[in-house]
K.L.:
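Encoded as structure tokens, here's the structure I'll be asking about.
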Amino acid sequence: MKRVLSLFTAAALSLGFATGASAELKVGFIYVGPVEDLGWTFRHDEGRKAIEKHFGNKVSTTFIENVPEGPAAVDAITDLAETGHDLIFTTSFGFMNPTNTVAANYPKVKFEHATGFTRNTDNIATFSARFYEGRVIQGLIASKMTKTNKIGYIASFPIPEVIRGINAFTLEARKHNPNIEVDIRWVFSWFDPAKEAEAATALIDAGADIIVQHTDSPAPVQVAESRGVYAFGQASDMSRFGPNAHLVSIVDNWDSYYIDRVQAALDGTWSGGATADTWWGLSKDGKGNGIGMVEMASYNEKVLGSALYAEAKALETALFKGDRHAFPCAGLKKQDGSIPEECASGAPHLVDFPTLVTKDWYIEGITQSIPK
Amino acid sequence: MIQITRRADVTAVHSLLSVAIAAVLTIVISTGVLFLTAKAPVDALSQLLTYPYQGGTIMVQWSKALNMAAYLGVMGLGLSICYRANVWNIGAEGQFAMGGIGAFGTWLLLGSPTAAWAIPCLLIGGALAGLLWASIPALLKTRANTNELLTSLMLVYVAAQTLFFVSNGPWQAPVRYSPPQTIVLPETVQLNAMLTGVPTFHAGLPIALGLFVVIALLVLYTPFGYRLKVTETTPRAARFAGYSPAATVWAVFLLSGALSGVMGAIYLLGDIGYVTEESNFLRGFGFSAIVVAFLGRLHPVGILFAALLLGYVAGGASWIQANLREDDSIAGFIEVIALMSTLASALFLQYRVTWRGIIAQTQESP
Amino acid sequence: MEWAYLVLTLVSVLNFATPLLLAATGELVVEKSGVLNLGVEGMMIVGAMTAYFVGAHIDLEVCTVPHFSGVGCLVGTSSLPFERFAMVVLTAGLAGVALSLLFALLVLGFRSNQVATGLGLTLLGLTLTNALGAGSGDLKVGRVETVLGTTVNEWGIWGPLLNMNPMVWLTIGLCFAVGWALTHTRLGLIIRAIGENHDSAHTLGLPVVWIRLGAISFGGLCAGMAGAYLSMIQIGAPLWKEGITAGAGWLALALILFATWRAERVVFGALIFGFTLALELRLQTLPGLPSWFVPWLLPSLPYLIPIVVLTLISLDARAIRRNAPASLGKLFEPGS
């Protein structure tokens, strides 16, 4: 009986401490996949670790992984708000409505939503990366490395973010090699290794000798390695999954944005609302200042050869400094042959905001149509 | 030597005793599992039990628990009626999904109304869709003598695929989302939250409670309930009494299908507001409802407690995950442990278990 | 259509079919003995996780490349020899057996409801792997070696098929062997007799409970090994993630319905199921198909076909009696 009693007192004591956390700021993360996906969620978790490392005891962090993008997300985000988290990062597009719902209920909590565009209240900010800058470099490399002129593209969902990646890639690839055909297969999932592997297999079987993926698992790179074709890594450095197949990875780097925002929250300078949307590319401002959210990692020099490697690096530098844009207007046409509105009115390239955020048309040269 | 014989008379004492055995087993094993898996077991246990009083808003936590309990309770009660009649409907998850699809389809058929009169129509539409989906295994069972357990289960996956198809195909919203979804129903045809800031505490809860009470009364105090009881305990007597087995199959399937369907409609109108693909729409309520039916020993009162228990534990598990970074799998463990304990302890309810050797010894001792 | 493409499609079909077939072979024996175990999905996923984690520890010394940015080391370069892979598969099978014994204890010992217990077993498997399966990102698991290795190109278009993991052929062989054993051996006869009518089998002095215990364990073994295929072989490299089975266990159950409890039809059905799964991404870009065909009908077929087949079979009372075990799922109460 005494032991039971002492257990209860211990429990009662611990209650007191549970709420009186010592950290100045509690930061919570909602992940769509498992931390072990080695892609998208993995990189966000690296960002979380960067916060812990940078701020030490001043900040405490926690995360909830594998959260479905529906009402379950409302519950999970509410839990973080209820447990006294001051700043909550929701790291998938599908958390957009849940984040806005919860934010309306907790005006004192700050919310950061990745890749979304709705900010209904002043306590939400959104952020995303100009991933398509990386797709340009992949397009160049693919155009020079393919022998069959068939590129397999594994796409997740037909949303603007994915479509602009396909467009940026195809535009650059066909600039260097007009015979290139991009074969797009939709897996309707961000993280489903079995389906991604099957998509890669189906594409290779249909003659593709380079695999591009806009999904999060390393499975396509692994398939490419065992089938002896080339592949690009997505979200994190995937070179170790295919030492011979891997050409270069587009790596998401959230570390410096996360640290900035946590610092702002600590300083009291954090702000959200209608205009609080941050987009970083290879560089922070698109003009060569600061390390951005997109990083090209582990160029496979041995396979690329020194000439192509140098060309790719030069393109990366041009994009980093803003000398090159992913969507120059010269010769740019929509799939139906029409000229995009901004280009028609004389702009040098497509405007990143707001057109790219909602753009859902293919460029000329893609033969398939966007699934209805 | 262990000897097991069926009890001729199952009394309330036996019933309480077996529930007590199951409860003790569940508490002991679950606590053990928590202490083995948790990083800070004492904190985790205490917060798992008291979480509604730990957060900023007590009602937020209670409403989450009650919300889940409502789904599990009503659907579990519907399934228990099937099981009492020896009809194995394990497709509640699919009937729930079709309920959501049916309600949304009804809204489209009515011409996308924005007035509140649409709400009862949508609920009825959901109930009808669930009922129709459940009528497939009922038809096959009565007409072709097809095993209803397997057909109802297979239809869950067809329903899940239908969710993906409608939200990614004909009903997809003009602005594309990932995951694909339909447009959100207007706020005026949603079941409003009854308390500001507590989204899951909505008007669907009183509806669910009302349904539960009506069905429970039906089971406990009407000729239909008596018929179920006869069918459950002595199937042969049911036949002698002139109860048509086919009519029973139809009745229980349609009733449980409609209940699952209406809960799917409430979920659409109260919790989610749109139809989306299965991994984000479905939350496994239809399968947990089977667990609830068995935890409650197919009795309405037992089912009520079982649903509340699972709802409360699920809320607690997600709370300790958010607050203490503990794994929320403890909710699943408790569900499994409670189920297995209840199933195992049923042996002592329905059978007389004796160990001859021990009896002999006790008789010898003074 | 080229021959090479057809062979490659066949490889995909077999790749999808193998885990379904293996799990279904085990469950076939369980159901033939009159027991319905709905825990296949649970046993499979526990097998999948066990295989991955055992594979990680059995293979440690081949990992030579230093850590890279905090995770693992080169997964692609190391390889897992067949004899070690066999141990991995066997361990996964034993994990399946362990879970199936819990089912047997409740169903045979405590006479619990088979449906509820089976569903509970699936829930247990999913919960267990959810709790224990975290942290796999830091593990190093080698690729299982292939039959042909680098000589695969010397075999022309048949190379990819011949290069498949031997588990594929062994599984097909096992299924036929089980079918033969069920119809031609004394043990098979006993199993079927018990599944047909456990009361008369008991009266004849057959050990109903013991035979069923054996059948249930065999089902666990097969389901666990099928899980190992999912996590070690299916995508061509080892991979573990929560929920990796994604309904494969239920497909295995559907497969038995489709086959109306006959082993040779299980093999045939597995190929059909594998075909519909492989077709989805292959037909996606084919123009002219109705919009509901690939996204709705194709993935639903593995669940719709068994319903139709089962209904047709059930209409003919003799046919269903010939194949379906009459005592399936019923409670066995030996009189005392």
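Residue numbering restarts at 1 for every chain, and letters A, B, ... go by the order of the sequence lines. Here the structure is a predicted model, which means the values were calculated and not measured.
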K.L.:
Check whether more than 12 heavy atoms from other residues, nucleotides or ligands sit under 6.0 Å from atom CZ of C:F275, and answer yes or no.
P.N.:
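Atom CZ in C:F275 is not packed in, count stays at 12 or less.
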
K.L.:
Please classify the contact of A:I204 with chain C as side chain, backbone, both or neither, using a heavy-atom distance under 4.5 Å.
P.N.:
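A:I204 has no heavy atom closer than 4.5 Å to chain C.
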
K.L.:
Does CD1 belonging to C:I157 count more than 12 external heavy atoms closer than 6.0 Å?
P.N.:
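Counting other residues, nucleotides and ligands, CD1 of C:I157 exceeds 12 neighbours.
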
K.L.:
With a 4.5 angstrom heavy-atom cut-off, is it the side chain or the backbone of A:A197 that approaches chain C, or both, or neither?
P.N.:
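When you check distances to chain C, only side chain atoms of A:A197 fall under 4.5 Å.
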
K.L.:
Nearest 0.5 angstrom please: C:E280 CD to A:R185 CZ, how far?
P.N.:
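Result: 11.5 Å between the selected atoms.
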
K.L.:
Taking side chain as everything from C-beta outward and backbone as N, CA, C, O, which of these in A:E198 sits under 4.5 Å from a heavy atom of chain C? Side chain, backbone, both or neither.
P.N.:
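Answer is both: backbone and side chain atoms of A:E198 are under 4.5 Å from chain C.
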
K.L.:
What parts of residues 222-232 of chain C touch chain A if we use heavy atoms and a cut-off under 4.5 Å?
P.N.:
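Listed by number, there are no contacting residues, so the answer is none.
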
K.L.:
Hey, mind stepping through A:L203 and C:R282 against side chain to side chain contact (heavy atoms under 4.5 Å, CB included) and telling me if it holds?
P.N.:
CA-CA 8 Å; A:L203 285 164; C:R282 281 158 204 272; over 6 Å; no

K.L.:
Does a sphere of radius 6.0 Å around CH2 in C:W158 hold more than 12 heavy atoms from other residues, nucleotides or ligands, not counting ones at 6.0 Å or beyond?
P.N.:
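Not buried by this count: 12 neighbours or fewer within 6.0 Å.
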
K.L.:
Considering non-hydrogen atoms only, spot the tightest contact between C:P238 and A:Q222 and give its length.
P.N.:
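In terms of heavy atoms, the two residues are closest at O-NE2, 4.2 Å.
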
K.L.:
Report which part of A:F188 has an atom under 4.5 Å of a heavy atom belonging to chain C: side chain, backbone, both, or neither.
P.N.:
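The answer is the side chain of A:F188.
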
K.L.:
Which distance, rounded to the nearest 0.5 Å, do you find between the CG of C:L8 and the CZ of A:R227?
P.N.:
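So the gap between those two atoms works out to 5.0 Å.
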
K.L.:
Which atoms of C:L239 are under 4.5 Å from chain A, going by heavy atoms: the side chain, the backbone, both sets, or neither?
P.N.:
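Contact with chain A involves the side chain of C:L239 alone.
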
K.L.:
Identify the two heavy atoms, one from C:I235 and one from A:A194, that lie closest to each other, and give their separation to 0.1 Å.
P.N.:
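The pair with the smallest heavy-atom distance is CG2-CA, 3.8 Å.
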
K.L.:
On a heavy-atom basis, which atom in A:F191 and which in C:K241 lie closest, and how many Å separate them?
P.N.:
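That would be CE2-CD, 3.4 Å.
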
K.L.:
Under 4.0 Å between a side-chain nitrogen and a carboxylate oxygen: does that hold for C:R143 and A:E225?
P.N.:
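No salt bridge links C:R143 with A:E225.
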
K.L.:
Pick one of side chain, backbone, both or neither for C:A4, based on which atoms fall under 4.5 Å of a heavy atom in chain A.
P.N.:
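For C:A4, no heavy atom lies under 4.5 Å from chain A.
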
K.L.:
Rounded at 0.5 Å granularity, tell me how far CG in A:D205 sits from CG in C:L281.
P.N.:
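The CG atom of A:D205 sits 11.5 Å away from the CG atom of C:L281.
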
K.L.:
Does any backbone or side-chain atom of A:N66 lie under 4.5 Å from a heavy atom of chain C? Answer side chain, backbone, both or neither.
P.N.:
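Side chain only.
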
K.L.:
In terms of heavy-atom proximity below 4.5 Å to chain C, should A:K49 be classed as side chain, backbone, both, or neither?
P.N.:
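It is neither, since no heavy atom gets under 4.5 Å.
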
K.L.:
For chain C, which candidate among A:P193, A:A219, A:P34 shows the most heavy-atom pairs at distances under 4.5 Å?
P.N.:
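Highest number of heavy-atom pairs under 4.5 Å: A:P193.
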
